[in-house]
Each structure stands twice: as C-alpha cells, then as structure tokens.
> 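Quick one: this structure, given as structure tokens, is what I'll be asking you about.
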Amino acid sequence: MSFLANANSISWLIGGPQGSGVDSAANIFAKTCAKEGFHIFGKREFYSNIKGEHSYFTIRISEKPVSSQLEEINMLVSFDAETVFRHADKVSPSGVIIYDSSLAETVLDEVPSIDFQANKRIGKLLEDSGQPLNLSGMLELAKARGCIVYGLPYYEMIEAVAKKMNDPKLSKLSRVVNVMAISASISLLGIKKDMLISAIQEVFGSKPKLVTSNIEAAEYAYSYIGTKFDTKNIKNKITPKDVLKDYVLISGSQAAAIGKILGGCRFQTYYPITPASDESEFLESNQIIDQVDGKNGSVVVVQTEDEIAAITMAIGASLTGVRTATATSGPGFSLMAEALGWAGMNEVPLVVTMYQRAGPSTGLPTRHEQSDLLFAINAGHGDFPKIVLASGDIEEAFYDSIKVFNFAEIYQLPVIHLLDKAISSSIQTCKRFSNDLKIERGKFKSVIDKNQSEGTAGHFQRFKLEDSPISMRVPIGTENAIFWNTGDEHTEEGHISEDPENRNKMMDKRMKKLDLALEKIAENDKAICYDFESDSKNVVISWGSTKGAILEALEKLSEEGSKLRFIQVRLLHPFPTETVKKFLTDAKLVIDVEMNYSSQLGSLVQQNTGKEIDYKIVKYNGRPMSTTEIYIALKSILSGNNERRIVLDGGT
Amino acid sequence: MSFLANANSISWLIGGPQGSGVDSAANIFAKTCAKEGFHIFGKREFYSNIKGEHSYFTIRISEKPVSSQLEEINMLVSFDAETVFRHADKVSPSGVIIYDSSLAETVLDEVPSIDFQANKRIGKLLEDSGQPLNLSGMLELAKARGCIVYGLPYYEMIEAVAKKMNDPKLSKLSRVVNVMAISASISLLGIKKDMLISAIQEVFGSKPKLVTSNIEAAEYAYSYIGTKFDTKNIKNKITPKDVLKDYVLISGSQAAAIGKILGGCRFQTYYPITPASDESEFLESNQIIDQVDGKNGSVVVVQTEDEIAAITMAIGASLTGVRTATATSGPGFSLMAEALGWAGMNEVPLVVTMYQRAGPSTGLPTRHEQSDLLFAINAGHGDFPKIVLASGDIEEAFYDSIKVFNFAEIYQLPVIHLLDKAISSSIQTCKRFSNDLKIERGKFKSVIDKNQSEGTAGHFQRFKLEDSPISMRVPIGTENAIFWNTGDEHTEEGHISEDPENRNKMMDKRMKKLDLALEKIAENDKAICYDFESDSKNVVISWGSTKGAILEALEKLSEEGSKLRFIQVRLLHPFPTETVKKFLTDAKLVIDVEMNYSSQLGSLVQQNTGKEIDYKIVKYNGRPMSTTEIYIALKSILSGNNERRIVLDGGT
Amino acid sequence: MAELKLADYKTTVHNDWCPGCGDFGILSAIQMALSEMQIPRHKAVIFSGIGCSGKTPHFINVYGIHTLHGRVLPFAQGAKIANPDLEIIAVGGDGDGLGIGAGHFVGAGRKNVDIPYLIFNNEVYGLTKGQASPTLRLGEKTKSLVTPNTNNSVNPIALAFVSGFTFIARSYSYDVKHLKDTIKRAITHKGLAFVDVLQPCPTYDDIHTREWFQGKNKPDSEKAVPRIYKIEEAGYDGVIREESEVNGKMSKILEFSSEWGDKIPIGIFYQNELIPSYHERIAENIKDYFARPPSHQEISDIENKPAARIDKILDKLQIN
Amino acid sequence: MAELKLADYKTTVHNDWCPGCGDFGILSAIQMALSEMQIPRHKAVIFSGIGCSGKTPHFINVYGIHTLHGRVLPFAQGAKIANPDLEIIAVGGDGDGLGIGAGHFVGAGRKNVDIPYLIFNNEVYGLTKGQASPTLRLGEKTKSLVTPNTNNSVNPIALAFVSGFTFIARSYSYDVKHLKDTIKRAITHKGLAFVDVLQPCPTYDDIHTREWFQGKNKPDSEKAVPRIYKIEEAGYDGVIREESEVNGKMSKILEFSSEWGDKIPIGIFYQNELIPSYHERIAENIKDYFARPPSHQEISDIENKPAARIDKILDKLQIN
Ligand SMILES: Cc1ncc(C[n+]2csc(CCOP(=O)(O)OP(=O)(O)O)c2C)c(N)n1
Ligand SMILES: Cc1ncc(C[n+]2csc(CCOP(=O)(O)OP(=O)(O)O)c2C)c(N)n1
Ligand code: SF4
Ligand code: SF4
Ligand SMILES: [Mg+2]
Ligand SMILES: [Mg+2]
C-alpha cells in the first residue's frame, strides 16, 4: 500500500501516553523537517483523557505540498510498548520502527490502556502468525514484512546524558525521552542536526533549562544512531527540493484565531470544549493586537458559565457594533439553537465557529467527524436565514475566518463557520498569510442624522421594509437611532407585532437575504471545481476537511490515467444550487465522500439539484479519511464495484 | 366567497378582549350546537397577552363532519367595538352581525388595542368607501353588502336581568355579556333554548352561582331577540340531520393528553410554554387514573426549572422503565437538542410532544405555523436515530399519542410527535375514542435470569450487538442486569469505548433502527393517500394540521369535477420514500401545501423521492390555512396560473 | 442638551398589561429614574427577558432589547462588556431570572459586570397563565394552580448575595418613589446590582395581592398595618466601607431575606464597591480597555483594509 | 443474600485518571459506603455529569448513568421520582454542577428529591485541560491559565443552603474514611443532600494541592499544620431538630462556608429532615405514590391491552 509514499516523502508516526510529550516531540520533528525544506502535514490523535491513554501524531513530510495522511507508516517512533502494539502492523515493508529495547518482553495483556477490543485484534494478529503475545512478537511480524527495527536503550541513554551533564536528577530527565526518540529518527532520515537544535530552541525557547537538557539528549541520541547502527539499508533517507520561504507551520485553530484577529473580531465568548477551546485560548494569549496605525487593539475573550451564555453574550456584544464570535463544538452548538433564531430574527451579525467532532451526544469527543452539517443548517425552530460555510483546510480556515464576518455584517445574520477536529488540531506548512484583505461591513453606520429617524412612531427604522432585505444597521448607543429588538415578530422599529400583513413582509425581508447572498457571494466561495485538466464525467463531491485527502487521491488517479472531477462545496447554506448544478451538468457518476454516517451533503445535493448520488463513500469510526483509503475506494468504484455505499474504516 | 357555506352549515365567530370570556362563550355555543346534532370545528385566535387584546373564536357548525375553517363568516357575534372593526368585512352577504348598540359611535382611532397596521387597513377600507371612521361606518359597509345587523343594548339588558334576579351588583353581572351575545345568536339560528341551558350547566357546573346568573342572562337575551326583532330574513336558520351519538367535543391538547393516559404514559415533565402547557395541565388535573382492574394508576407531572431539565428528567425517568414524555413548543424544543442525542445514543425510549407555533425565535407565540419540521428531524449534533410523526387532526392526535410510545419502546429511541397550535387549541366533534388499542413495549423485560448476564466483563449487555439493531432493555434496578449508559460511544455493556471497530458496529446498530422502522411501521402510519375515487394525476401533498382544510377543498373541487389526489405524510422521519414514491408514481402535477415559508416537506420529498415539486402553496402569517383559500389557490393552479409559489395571506 | 422630561422616556406603544398590574409602577419608576438622572436616551439600553415583564422595554423610549426567556443577563453583560459607556439596565420576571435563568444569575454574580438587574417578582409565570414561579412558596396554591405548589421557593436576596452580586435591594411596585430611588442607586452602583421588586399580579396571584401587602387581611389587627417596612428607616445601612464588614453584614442580610409575612423589609440590604467590577478585571490585562473597549475600536481603514497586523504572531510560526 | 464485599463494587474497567488524582479517593469512599451499607448492587445507580469526575460510574459495579455536562441532577431526579426504591447517587465536577449546571443546582434545591449529590471540587475544568472552574477564586492563576481568573468563585456550601438542600456537608478526597462516613450520612438522609468534596487535581491545580491542604507550604509555621479541621470535633452539630433552629444555624453555616486558607472546615454543616421531600409532596396528591410509583405500574394486561380506562374523562367531554 505504499503507493503514495514516493521518493522524498515519508509518513512518520510518534506515539506514547497522553501527557508524556508526544505533541511537543512531534512539533519539534515537524519544525525540524520544515526548516530543512519539507512540506508538512501532521495530525493528532488522542483519547478523551488527560494522562496515560495512547496518543499519537502522524506527520507526513514531502518535497511537494501535502495535506492529508496515509494509512501506511514509513517510520514509527516509540518509547512505550503500546505504540508498537497499536501501530507496528501499519509500518510498510522497508519501513523503520524505533522502540525501547528494554520493553521487548512486554506482554500484551499487561498494557492496561489497551482496551479489550484492541487487545483482541492485536492478540489475533499475533496468534494467527504464530508469534508470542508480546512486543517482540509484534516486532518479529514487522521484520518478517521487511521492516527495520531499532531498539534504543532509553534508560541507559538518559543515564549517559545525565552523567555528561553532571546532573544526576534522572527523574526529571526522563522527560527527554521523547526528544531522544525523534532525534534518532531524524538521524535515520539523514536530516541535519542543526535544524533539530534550532527547532528545540524555538519550542522550549521560554525555558532555558529545558533547552539545554533537550539539546544534550538530542545530540546524544543523534550520534548514538550513527555510531551504533548501520543505517545504509534505510530506504527513507530523503532530501528536500528547496527551502520553504515565507512559510508558517500552523494548526487550524491557530489559523482561525489569527484570521479572526485580522478580520476585526474584538469580542469572543466561549465555554471550554474540545476541540474548540484551543482557538479561544490562542486568542486570549494574543489579546493585545498590533495595528497598522501603531496603536494597539485588543480582543476581549470571555469564558462564560455555559454555551447558552456564550452565544447570547456574543449577540449582546454584537449589538454594540463589534465583530463578535463564539466558538464551540457539537454539544455546545446544540445548546445554541434557540439563540441562533433570535439573532436571525433580529438580523444580528454573529459568527459561530463550529468545530465538529464525532457525535452523537458526547460521542468521541477528541475524534473526527463531519456529522453536524444538516443540524447546522436546520438548527433553531422556525424559518430564519443563516449562512453556513465550511472550510476545506487550514489555509481556508484563515481566509474564511475573515469572510464569515463580512457575510455576517453584509447580510446581517448569523454565520456558522464549519470546521472540524481534523482541521483544528492538524498542522501544516502554509504559505504565510496575506494581510491584504477586505473588511466589508455592509449597511452599517454609527452616526445618524436626526432627520433620518422617521419611523411610524418617529423612530429609527432598524427593520425598514423599503430597504428590504437589508436595512441600515447602527450600534446601540447611537444618537438619533433608538430602536428595539425582540424575538417576537416586529414592526420596522422593532416593536412586537402580531399583524398578519406585517408578518409576511418581515418574513419575506429576512428570508430574501438568502437569495441575495446566493446572488452576491463569489463563485469560489460557493463551490470549487477541480477538474484535473480533463472533462471527466466522473465526479467526486465533498465538503470540509476531506478536501486534502481527496485531492491527493485524485492526483494519484490522474497520474494513473483515471481522471475525476472534484467539487468542493464551501457554501452549504443557502445551497448554491446553480453553481453545483453547473459543475454536475454532464456528470455520469456522482460519488459523494463524507465523514459521517448519513451522507448529509448527498441529501442536500439530491434535494437541491435533483441529481442522484450514485456512490457514497462514508466514514464514521472517528478517524479522518486517509488519502490511501479514498484512493482505494474510488479505484474500486471505477473498476465496477457495485456496492453503492462504501464504509471506510482505516485508522487506529 | 360563500361557496362552502352550504345549507345546514354556518361559519360563526365571536370576538372580544382577552380575558372577557370569549373562550367560554364559544365553548357553550359549540356545546349547544353539538347537542342539537351539529358537527363542530372551532378555532381559537388570541394575542400573546393576558387581558385586553383582541381574541376570537371561529366555529363552524354543520350537518356533515367539518374539520377546518373558512375565510367567510356567516354570523359575527360581538360585544365590543374591536371585533366589529376587525371582522365585519369578512361577513358574507346575507350574514348576520350582532353588536353592542351603545358602541355605534366608537371611533376607530379610539381603540388602543387595534395596532397601527390594522388601524391603517381598516381606516383605508372605510375611507375608500366613503364611510366615517367609526363603528357605524363599518356596519354600514356590511349592510351595503347585504348583511343584517342586530344592535343589542347589553347594558340595559344586564340591568333588566339584575332587576329580575333581584341582584343589583351589576359589576359582577357584566361578565354575562358574552353569554347574552351567544344566546342571541342561538336564538337567531333557530336552535332550541334547552340545549343552551344544559350547555351552560355543564360548563359552569362547579359554580352554581354562575350557572344561575348565566342562565338568567341567556334566557333574557334569547327571548329579547324573539320579541324585539323580525328574524324572518335570516338565511342562516339551520337544522341538524340527527343527534350525534357517542361523540365528544374535544380539543387537540385534551385528545393528546387522554391518549397519553391510555397509552401508559406515567411520567410527564414540562416547562410552561404556549401552546404546549395546556396538555400538561390537563394531565395534572387527571393525575389519578382509572384502571380496568379497578385499581388506580397515576401520572406524575413535574414542572421543571427549564426545558433542559424537562427532557433530561424525562430521560432519567424512562430509564426506570416508565413510559415518559415531555411536551413543549419551538423555543423549548430548541433547548432539548443536546439531550435528544443522549437518548438516541443510549437507546432510551422517549416521547417529545412538540406543539409547533409560529417562529422563529419567540415569533408569534400564540399563532399558527408548521415550521419546525426540518429542525425536528435534524435536531441534535451527530447522526442518531429518531422518529418524527405528525398528526393531521385531533382524532389522529389521540391515536398517535399511543403509537408514539409504541414506536419509542419498540425501536428504543426518541420519538418526536409533531402537533401544532391549530390542532392543540382547536375543538372538534369526534367519534368517542376507542379503548381497544395495543400497547407494544418491544424487547423489554424486568426479570433477568442470572445466567443471561454475560457481557465481556460478566455484565448484562444492554447494547448487545448480536441482537442488532434492537437489544433487550431492562429498567435500571433490575437484578442481574447491571449496565451502564454514557453519551460517549460505548461497548455492549455501556462503557466508554474509542475503539474504531466497536464504533462502527454501534453506529450501524443504532442507525439501522431507521431501516427497521421503515420496514415495520404500518403503511397508514407512513402516509395516507386520499384519491377521491379517481386516478387523477394531480397530487396535493402535505402534513399535519392542514389536512382538514385540504380535504374539504378537494372534496369541493371533486364535486365540481376537478379531482385531485391527496397524500398526507405522517411519518416524516425516517422518510417513507417507497410509500410516497408509490403514491407519486404517475403524478403529473405535484402541489406541496404547507404552513411555513420554506416548504420543508417539499425539500424532503425532493431529497428522498427525486420527484420535483411543481407548485408550492405556503402560508406563514401566523394564521392557519382556511379551506377557502386552499380551494382558491388550487383552482388557480388548475386553471393555468404559473406562479410556482403561492403565498396565502388569509386570517385576521 | 435640553433637559429631558419624564414624557421623553415614554413610548406610544399600546401597553397591554392587565389593569392594576404591578408592572405599571415598575415601568414608571424606571422612567422616572432615567429622567431624574438625565441619562441621554440613546445611551440607555433596557434589556429584558420573556414574560409580561419582558415587554417593559417597548414602553420606554430608549434602546430596548427584548431577549429570550431566561437569557437577559448574558445578553446584557455582552453589550456592557463590549461597550462600558452604555447605561444598561436588565429587567425580567422571576420565572425568567430565577427559574430558567438561575444559572446565569449565579454566573453573573461571579463576573460583577456593572449592570442593574430588576426582577419583577410576582410569584407566577404571568404570560403563560399563572403557573407557579420560583418565588411561590411550598404548599401555596394560587387560583390558577391545580394542586398546591410542590417546589420550595428560592430566596432571591440570599441567592444574589451568595452568587456575588455587589448591590442587593428590594422594593415594592406600588411604592414608586422608593422603587425609583432604589433603581437610581442600583444604576449608580459600580458593579452588578440586584433589585427584587415585589410585584403583585392581580390576575393570577390571589395570595400576595396588593391588599395583602397593605395588610388588609392580617387577621390579628383591627386596622390594616402595612407588612412592608423600610430597613433604612429602621436604622440599617447596607453599605460596606471596609472588606472586614462583609461577614458581619452577611447574617443581617440573610436575616432580612428570610423575613416574610407580617414584616417584609425593603431597602438596600448590601452595597459593596470594594470588589472590582468585571471591567476593572479586564483592564488588568488590557490596559486601555476603558478608553478603547471592543465597540470603540476601528477594525478597518477607509479603504476597508484591516487595521490589525498579524505579522508578529506569524513570525513566531514562521519556519525559517 | 451473601454479604457483598468491597471488591464486588469495583469494575475491571481501566481507570484513566492521572496518577495521584483526588478522584481515586472519592471513588474508594463511594465503594466503601455502598459496601458497608450493603446496598444491593442492582438497587444502586450512580448518575454522573461530564468531566474527569463524570467517568466515576464506570468504575463502580452498580448501575451507572454517565449523562450530559451539567445535567446530572435532572437526570437523577427523574429516575428517583419515577422509582423511589432506587438508591440513586449523583456525582459530578464543579464545572459541571456549579457552572453549566448551576440552574439545576438551584432548581433541585427547590424540589428536595431524596438524592445525595457529590461535587468533585478541583477548581478546574479537568477534562478540557484546566480552565478555571466556578470554584477557583478571583485573581488566582493556576498553571494552565493565560491570565489570572477574572471570575469570582461561587461558594458551594452557601449556594446549597440558599437553594434549599436539606443536607450539606464537606469532605476531603484524601481523607477517605471521613468522606465515606459523610457519604453514608448523605445516602441515609431523607431529602436532597450535598457533599462538597475538596479534590486536588495534581495535573492542573498547582495552587490548592494535596501539600497545600496538608499545610506543607504554610509560611508561618515550622511544621506542617493541616488546614483542614473537622467541625464535629470542634463540637458542632448540624442537625436541625426543630424548625426554629434553622435561622440560628444559618449564620454558622455561612460562617463555615467562608472559612478558607489556614482553617478549612469539613463535616456536616446542616441536616434538616423536617422539610418534606419531593416524594412526600407528590404523595399529598397521589396517595399511593410510594406503593405504586410510576415505575411500578402495569400499563397493559397480558394481551397488551391498556390498563387505563379513559371513560370517565371522555364522559365529561361527551356531547349528550
Ligand atoms: C425557552 C422558553 N420556554 C418557555 C417559554 C414560555 N414563556 C413565556 S413567558 C414565560 C414565563 C414568564 O414568567 P416570568 O418570567 O415570571 O414573567 P412574568 O410573565 O411573570 O412577568 C414562559 C415560561 C419561552 N418563551 N421560552
Ligand atoms: C455542553 C457541553 N459543553 C462543554 C463540554 C466539554 N466539557 C467536557 S468536560 C468539561 C469540564 C469538566 O469540568 P468539571 O465539571 O469541573 O469536571 P472535572 O473534569 O474537573 O472533574 C467540559 C466543559 C461538554 N461535554 N458539553
Ligand atoms: S398576568 Fe399578572 S403580571 Fe402579567 S400583566 Fe397581568 S397582572 Fe401583570
Ligand atoms: S486532570 Fe486533574 S481531575 Fe482530571 S484526572 Fe487528572 S488529576 Fe484528576
Ligand atoms: Mg413572574
Ligand atoms: Mg472540576
């Protein structure tokens, strides 16, 4: 299955117990490789747990841009037994495994954090191939497949480093085992040590003591490989094309937060929830904002008592004219349904950044899914307008974070910005983001001439029907512009009205915004068609974070001569029927790819375009789609598979 | 427009300020007519207000069963000025208006509860026809149209009654004005006085003083008409065919509550909200339940601190094996989205009786709409199974209230029973409900053999995959059957599991219930096709409370030779694609009729059947659809109107 | 600016409260307070919840935001945090604030945002036709109830204190002057202020009626002795001048809060400005918060280019 | 029935709390209480919220219902009202119970359903990585916070008292014996019982650590003097035997509740069984409620015909 791991590209994985430094190790590794000139795509996987359960980080490094993960691993880096038990079978022939040689005899049943289902699976694997139910058995299996394994005596190595540093407090140093592990892998990959050193300096920059010990450990492990092993057989030595100029290594939640800052968001509320809180915490850490004019701006980040308070507080703030957002995930979003309707009814601009995770209910809180699409579109009782936009990757997350505020203000309504865990906590090398963007605030004034205020009762007409669907908006506190808001149906000034005629006009006013949005929103923000320079009539359609994996799979298929078209739907509501229809006009085979059980986009496509979905590729095991499995599924469809629904099940 | 008011059928309306006894007067009138042998359909209309705003009650009485309202009024009964201002123009030529003669000179602008929009409309009407802007003007207009008006000097009449009763406390007696008004109308209709007297006795039965004074007032008004007026011209004298044997006069919320009692609901939670609380209050008033075995049962009704508590408390109760429900409306339902997912995830039977009202947000809290369909179907993040069933009228509300519990228990999931304000607060003469129904509890036991409990950890497997999709359910507290529940993805015993393989199996198990439900649910509960004994290819499709008005309109059209088929979709989720497709197979023209802006059923039909909707008839002004306007709209479509979307706007 | 008269704070919107409703007195008191304080109309914003009480803003001629049931406090706090220059007043029913909104009540106490909050305490859910509200006492049966109330009542004064409100008062809707003065004090207070307004609902609450408060149906006295008394007149001063006074005052406040029946205290139970408001807490981190709160910041230039620069943040993430 | 041993109340589910977490002590105490009271395993149900604390039921070998964030109380109350024979215990985090769940906390106090409720008070949102929880004090900065906490803390003891809980206690997760005894008392109590469990979170709360409670870092004493003291040992008795005692005890309870720092009281602050439980209130209207609560009623006969008869109700609606 190593068809995608071409030369100068490898798929790397580090694992270990939650809380043991897997993340920072992976970050150092990614930085090191990026500094060397490689493109990076990294994905985190962890349990809903604070310490002890298995977590891992997969990183692809490549001379070409990468934006997805593969099923297979070329290099597995570990310092505990569980990582080997769980991942060794995914290491490709000729791949490398680094492990703690003192753990070789660890018995499968003795690892309590391996749940019984995984235990059974691994046990069966070992039994079926006649191996003992221990770590050595796992390694033997891998070797039999052609993998090269490197046992590192971490404990002795740490002792040696401690001695060298003249610091016998080994216990503290045990935290450097993760850096040793990655240093070894870097050494095996043939990447220069300097990059590693400077990556360590950057990551631990604020803690000089940690810098020293980690560098010592890294140096030691780096040369340990060189001296102890013959690394000539390693097939994974890679070299980059060039250095990456003006690139950042960034996660999706960072990108979204930075987008918000640039986009003018000055008030954000949140209630802690995975995977959304990272964004709010990043914003809070950057609450003082640099400005072009040399002054400082600031974003006030408020942690509320719950998600209902988060959204209603955000709406209250938005009324003062501030660009306001709240960020949450499924369970929190469920609690926001009522208030969304209030914002819709009162034409209040509001951004809800919605980080999807695997549902339903608490679900798999730290895992992946795109199953909140239809809920996001239909959330809240009654008919009211909202916009739902989904970003396809980290870069889009940045630029869209600005656009959603523009939409919210231009159309005066709530906008739900759909992201997911696969975007938020993945990292990628992206071209440094541009500052050169437009802030569009729509019909918005903060000074009102006394004479303009002539409602029926002599007041400002916040919901002036003459200007339907969009009336002039002012911040509360503006002179000569007193108005009212109410969740009840209301007059042009905002007073309660139960009159049937007024009701119809107001409903029309609000709902017509959806037509206007469809008319005005740029085609590229509605849907993008990647045609791979062909006029293939076989079409893949999807939305959100599957983009990267699909594009890579299609590229591969295209190289192999099977060209497919890809439609990435970005605007999910109002549904860009015309745009999607246009891309689908001559479609023969329509394949819907989604990370949910019920093919939610598929339903929208059928509902709005009348075009039937021929094949559905879905996944709902909580793990993101890999390019590998999409490639295989598409290939099987193209070669006449007649299952109409293919359920992917890759991932650990 | 009086095409539907055939002989022996009239459309009657009483209006007055909220809190002045309009409802009880209407009820007495309806009872009187029902006792006389007429079928009744009555509809309440009132503001979100406690006292003073205009409320009215329309009642149709007919020798044939009726189940909808008309636009036109044959008899308008009033005792204030506003009622005349608001409704006189709807009175048909040759119709009757009863009004307070002392109010003849009341000026339009002096009625503060007539909002400026209505004021403008009425003012224009009067101005355009050269009438003065007062009550007399309104009456003149009506007379010009052929209406007969009767001015009653209520004050003097009350004085006379007080004298007769030897009770000078007039202030208290002023409360009898409503009964005087209806008594006058009953006299004009030629209905016998006895029925009125016994209706009054039933309605005020518990308060003997009220009975006496109201009967005195009624008698007085009844003979007043006979002596003071020449009533020969009245075209509305009607006679019934027969007496109604074994009929009840009942509202939708009463029917639903009684259905719950019969259906075994023994625990209901609620948080006050219009129009749902009526049901809970009725249940509470009937908390002690008669039983076949002579014992008493009981239903515990709990008022909670909010709707989140209402649904979660209901779920907690359901775990003990009790049939449990909660009742709410849009805003409350919005708050329940998260917990719905928990019930879905943990396969807990639960009924949510959802009384729709006009949204979005607070909307028109006491008005009509069917705009929560797509929200009900998609409420809650993530993919989980639920059933959504909509009743079409009061009788269905009763029988469905039992069925939804059966569904909830058979499929072990939350069921949303969609009703709306048009069903809940309307009254109708219905054939007395049958006791002869089935309670189906599905796979449910309360005694478990010790040896059956053999989960992976030696425990009961509440979510046994072998029995997918439905496993055995036991109440918590059952010996030998300890299990766990969690909103997280879980094992067969109910412990948290993040294993991807287990995840897939559990998702499949849960979601496959939808397939099973589609397979097992009776065709008549999925959708009903009324074909008017023809094979017309013109099809009307709708759901919920529009049923009555549609059926009557189609009957009329059928009599006129234009036959249409009607599909009433009852099961909205999972969508009965095959059934609806079957009914649509040969359809030429598909006309979707719905009381919401966005034709929500229309979307579902397109999504699931691929059949395009040709015409949409919608209404969203907060007033229910009348047969009259549906008839007109359909007629215009049949005669080649090419507007694809017709917005109805009838109602006051 | 010309002097603002009481009439300037009134709208022409038709008021549909029941005749004799206590809400009328509260409405007048708010309008009088605004007018006496000469708060510019456009600077004031009334936020309300849902209920009869929730309609209040429509009758006051300043900005009015009629929000959702139970959510008035978070809405109001959001606006005040984003623009501390506004004079924001939150109002709502007892069901709104102490039933569905109780979580926000507690949450707001923890933040101490500079807002006065008035609860129209009528012991019922008025607008939904008289169900028991959280302030109706256990076992009481108003005329609209099928059976006596099965819930304990919550004590708003004590709850406000425990939640962290820094100003706590009670007044009575038919003593408009006292209420008006109390509201003025609540507005002036730096921090979150709570006013429990006893508001008879003549339509649904036949127990604690206006007559009852006036003492007309006290069994043991010939002439009606009003049940309500003013704590200030009884020599009590609720103002905290030193942190050390709080504990001592606490028991007095709680004692007042449990008085009911023949003697019902009104007045200012507690005022503590020593506790920093939420605004001050923000200003610890964002030094120029008061000068340039979120609502005052320019986020784009005349060409609609963003005012913010993200370079420093990106520099940290830059690879080389 | 054979005697149930402590081990019988333990599951084999892998426990993934951090090493040294205070939750382990609470878990043991619950298991010990159940075993000492010999509560049949199938009669006991642990309801929990969401958080590290929320995982508790999975480790106890009785029915376990792990509900939603903040909603443990309504879930548990629903079950207990439907089946009062069950021994229901509610547990959850401080964020769960006093942040998002505060409204239900107050609401539950008003009902007084016969349930013990334990809050694992660790001052942080553990499972979401250490944000400030509602019990973290204003201005405190645990290691996971970017800036010092801007919210006041809520005082759980005082809040429980004001909300109407009829049993209020505090214990400490590392004093398993005291905690176990307190839990037993809470289970036995007739009415809603609250136990505030001080639960150090070694991973995120570096302020109020186990060492801190043990007094190890008190600056003014040579040897560590534990901060925690037992009020019963200091001669206090929280049991109310007559209604008239409540007011007197109130100020003591509130005084205890505000003690913190060098002296932290644990023990039973308040127990009042004079207030009827919600079950008793229901039984006022439904006389045989205790004998035939909702869960015990047969709703159909062997032929699946409804057990109920609706004739009397229909008769009232019948036309003739
Ligand atoms: C989420 C939600 N639930 C229920 C309602 C229905 N509702 C409208 S007003 C009201 C109660 C009002 O009582 P209170 O807050 O005491 O105000 P009052 O009418 O007594 O002034 C309720 C429950 C609603 N609007 N929203
Ligand atoms: C509605 C909702 N919002 C947010 C979350 C995310 N969440 C999971 S655990 C948790 C906090 C837990 O803190 P606490 O209740 O104190 O429990 P602890 O982990 O400290 O034991 C939160 C906010 C959620 N699960 N549901
Ligand atoms: S119901 Fe009560 S609170 Fe509402 S307006 Fe009428 S009197 Fe006032
Ligand atoms: S994060 Fe804290 S509360 Fe959670 S398990 Fe770890 S130590 Fe315990
Ligand atoms: Mg109230
Ligand atoms: Mg906590």
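Predicted model only: the values in this text are computed from it and were never measured. So you know, we letter chains A, B, ... as the sequences are listed, proteins then strands, and number each from 1.
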> Using a strict 4.0 Å threshold on nitrogen-to-oxygen distance, state whether C:Asp315 and A:Arg432 make a salt bridge.
yes

> Which atoms of C:Gln297 come close to chain A, meaning under 4.5 Å heavy atom to heavy atom: side chain ones, backbone ones, both, or neither?
side chain

> Could you look at C:Asp311 and say if it's the side chain, the backbone, both or neither that has a heavy atom under 4.5 Å from chain A?
both

> Given a strict heavy-atom distance threshold of 4.5 Å, which part of C:Ile282 is in contact with chain A: side chain, backbone, both, or neither?
side chain

> Heavy-atom distances under 4.5 Å only: say whether A:Ile311 touches chain C with side chain, backbone, both or neither.
neither

> Judged by atom type as modelled, is there a donor-acceptor pair below 3.5 Å linking the side chain of A:Glu305 to the main-chain atoms of C:Val106?
no

> Can you say whether A:Gln254 sits under 4.5 Å from chain C via the side chain, the backbone, both, or neither, judging by heavy atoms?
side chain

> Select one option (side chain, backbone, both, neither) describing which atoms of A:Leu262 are under 4.5 Å from chain C's heavy atoms.
both

> Any side-chain to backbone donor/acceptor pair from A:Asn435 onto C:Pro306? Under 3.5 Å, distance only.
no

> Is A:Tyr247 reaching over with its side chain to a backbone N or O of C:Asn320, donor-acceptor style, under 3.5 angstrom?
no

> In terms of heavy-atom proximity below 4.5 Å to chain C, should A:Val302 be classed as side chain, backbone, both, or neither?
both

> Any side-chain to backbone donor/acceptor pair from A:Trp484 onto C:Pro57? Under 3.5 Å, distance only.
yes

> Enter the distance from A:Ile258:CD1 to C:Leu314:CG here, rounded to the nearest 0.5 Å.
5.0 Å

> With a 4.5 angstrom heavy-atom cut-off, could you sort out which part of A:Asp306 is near chain C: side chain, backbone, both or neither?
side chain

> Contact part of C:Glu87 toward chain A, heavy-atom cut-off under 4.5 Å: side chain, backbone, both or neither?
neither

> Would you mind checking which part of C:Ile313 comes under 4.5 Å of any heavy atom in chain A, side chain (CB onward), backbone (N, CA, C, O), both or neither?
side chain

> Pick one of side chain, backbone, both or neither for A:Ala199, based on which atoms fall under 4.5 Å of a heavy atom in chain C.
neither

> Does any heavy atom of chain C fall under 4.5 Å from the side chain of A:Phe405, the backbone, both, or neither of them?
neither

> Considering only heavy atoms, which portion of A:Ala34 lies under 4.5 Å from any heavy atom of chain C: side chain, backbone, both, or neither?
both

> Check whether A:Gln303 gets within reach of chain C through its side chain, its backbone, both or neither, counting any heavy atom under 4.5 Å.
backbone

> Could you tell me which portion of C:Ile319 (side chain, backbone, both or neither) has an atom closer than 4.5 angstrom to a non-hydrogen atom of chain A?
both

